[in-house]
> 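There's a structure below that I have some questions on.
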There are 2 protein chains.
Amino acid sequence: MYAISQLSKLLGISTYALRYYETEGIVAPDRNAQGERVYREADVEWLRFVLRLKETKMSIAQIKQYARLVAEGEHTREDRLQLLETHRTFIRQQLESLTTTEQMLDYKINFYQSHIMKKSLQSQQ
Amino acid sequence: MYAISQLSKLLGISTYALRYYETEGIVAPDRNAQGERVYREADVEWLRFVLRLKETKMSIAQIKQYARLVAEGEHTREDRLQLLETHRTFIRQQLESLTTTEQMLDYKINFYQSHIMKKSLQSQQ
DNA sequence: GCTTGACTTCTAGTAAACTCTAACCAGTAT
DNA sequence: ATACTGGTTAGAGTTTACTAGAAGTCAAGC
């Protein structure tokens with residue numbers, strides 16, 4: 001059980017963001033007697049997954065859509081599957097793009113380093 | 001040599017974006033007698049690299065900074081190297097994050113598929 | 001009893017990255 | 001000659017994802 005400020009620290013996101021996710025229907029914490037948000041372990045796990053989706057470039061709109069399907073229950077399983085498969089495809093594209101770009105950077109970095117090396121050799125002579 | 005609309009199609013980005021990149025100092029095409037932008041092959045290659053940086057989550061501000069260093073010439077090589085190395089580290093983090101998330105999705109997709117399979121088996125009986 | 005601190009809601013503001021509109025111009029087709 | 005096409009600029013508007021401010025509630029400590 002976490003208060004909003006505790007969860008904010010735990011997840012490394014702002015309390016503003018946590019409230020925003022709630023208004024967007026992405027998370028629905030309990031409330032205590034004072035009306036304060038109380039996040040359970042299940043909310044924490046869900047939010048960790050949400051942050052993974054965000055890191056891998058899923059938009060808030062899409063995450064919201066997925067959250068809505070989960071909340072709607074059993075009969076949305078096929079839709080959820082579809083959504084996750086689409087995102088997996090997107091992730092695989094990103095992996096390709098990152099690998100290619102990493103290689104380009106390796107090449108450029110080697111280029112710069114060899115030039116800098118030449119320069120420092122020159123300055124030694 | 002490409003007109004803006006041609007390059008837009010070639011790169012799959014809008015003419016608005018191309019003009020925006022120019023105002024940000026990221027690209028500096030030639031102009032013809034009518035004052036229209038003329039992009040050379042070198043501009044195209046540079047923009048392809050810029051788009052790679054964007055795909056891998058480099059901000060326009062950072063790209064702008066790198067472009068400025070390139071334009072400034074020889075004495076900025078160390079800074080450029082630094083910037084590219086920092087981005088390579090970031091790319092490696094993204095690769096890790098994507099791999100982990102892909103595995104989570106594999107798991108969830110298998111889960112949904114096995115449930116759907118059960119369901120369709122039930123409906124066959 | 002009053003202040004402090006952590007929360008609440010509502011609403012406005014912000015940063016990033018475009019995206020669009022308006023007014024204009026130059027070359028081509030009818 | 002006129003309309004159309006495709007370009008130009010300056011500047012306003014849009015979308016996304018927060019971020020911040022104002023005003024209020026409530027329990028705890030001095």
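Here is the naming used below: chain letters follow the sequence lines, and residue numbers restart at 1 for every chain.
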> Please state how far atom CD1 in B/Ile60 lies from atom C1' in C/dC18, giving the value in whole angstrom units.
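One finds 9 Å between C1' of C/dC18 and CD1 of B/Ile60, rounded.
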> Is there a donor-acceptor pair under 3.5 Å between the side chain of A/Thr99 and the backbone N or O of A/Leu95?
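Yes: the side chain of A/Thr99 pairs with the backbone of A/Leu95.
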> First locate atom CG of A/Leu83, then atom CD of A/Glu78, and finally report the distance between them rounded to the nearest 0.5 Å.
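It comes to 13.0 Å.
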> When A/Glu102 is tested against each of B/Arg88, B/Arg92, B/Gln94 for side-chain hydrogen bond (donor to acceptor under 3.5 Å, both in side chains), which residue passes?
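Only one of B/Arg88, B/Arg92, B/Gln94 forms a side-chain hydrogen bond (donor to acceptor under 3.5 Å, both in side chains) with A/Glu102, namely B/Arg92.
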> From B/Arg37 CZ over to B/Asp43 CG, what is the distance, rounded to the nearest 0.5 angstrom?
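If I round to the nearest 0.5 Å, the distance is 12.0 Å.
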> OP1, OP2 of C/dC18 versus side-chain N and O of B/Lys54: anything below 4.0 Å?
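Answer yes for this pair, as a side-chain N or O of B/Lys54 is under 4.0 Å from OP1 or OP2.
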> Please report the distance, rounded to the nearest Å, between CD in A/Glu36 and P in D/dA27.
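Rounding to the nearest Å, CD of A/Glu36 and P of D/dA27 are 9 Å apart.
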> Under 4.0 Å between a Lys/Arg side-chain N and an Asp/Glu carboxylate O for A/Arg52 and A/Glu55?
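Here A/Arg52 pairs with A/Glu55 in a salt bridge, since their nearest N and O are under 4.0 Å apart.
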> Starting at CD1 of B/Ile63 and ending at P of C/dA17, how long is that distance when rounded to a whole Å?
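Going from CD1 in B/Ile63 over to P in C/dA17 covers 8 Å.
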> Could you tell me how far apart A/Tyr21 (OH) and D/dC18 (C1') are, to the nearest whole angstrom?
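It works out to 8 Å between those atoms.
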> At under 4.0 Å, does any side-chain N or O of B/Arg37 touch on OP1 or OP2 of D/dG7?
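Answer is no, no contact under 4.0 Å.
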> Is the terminal nitrogen or CZ of B/Lys54 (NZ for Lys, CZ for Arg) located under 6.0 angstrom from the six-membered ring centre of B/Tyr21 and within 45° of that ring's axis?
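Here B/Lys54 fails the 6.0 Å and 45° test against B/Tyr21.
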> Quick check on C/dT9: is either OP1 or OP2 less than 4.0 Å from any side-chain nitrogen or oxygen of A/Arg31?
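The answer is yes; a side-chain N or O of A/Arg31 sits under 4.0 Å from OP1 or OP2.
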> Mind calculating the distance between CD1 (A/Ile4) and C1' (C/dG5) to the nearest angstrom?
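Going from CD1 in A/Ile4 over to C1' in C/dG5 covers 15 Å.
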> Taking side-chain hydrogen bond (donor to acceptor under 3.5 Å, both in side chains) as the definition, give me every residue that meets it alongside A/Arg80, ordered by chain and number, with sequence neighbours left out.
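In terms of side-chain hydrogen bond (donor to acceptor under 3.5 Å, both in side chains), with neighbours along the sequence ignored, A/Arg80 is linked to A/Thr76, B/Tyr112.
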> How many whole angstroms separate atom CG of A/Asp30 from atom P of C/dT8?
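For the pair A/Asp30 CG and C/dT8 P, the rounded distance is 13 Å.
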> Which residues in residues 10-20 of chain B have at least one heavy atom lying under 4.0 Å from any atom of DNA chain C?
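Residues of residues 10-20 of chain B that come under 4.0 Å of DNA chain C are, in numerical order, B/Ser14, B/Tyr16, B/Ala17, B/Tyr20.
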> Under 4.0 Å between a side-chain N/O of A/Gln34 and OP1 or OP2 of D/dT25, yes or no?
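False: A/Gln34 side-chain N/O out of range (4.0 Å or more) of D/dT25 OP1/OP2.
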> How many Å lie between CD on A/Gln62 and P on D/dT15, as a whole number?
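That distance rounds to 17 Å.
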> Take the protein atom CG of B/Leu7 and the nucleotide atom P of D/dG6, then report the distance between them rounded to whole Å.
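Those two atoms, CG and P, are 16 Å apart.
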> Which one, C/dT8, C/dA17, D/dG7, comes nearest to the side chain of B/Ser59?
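That would be C/dA17.
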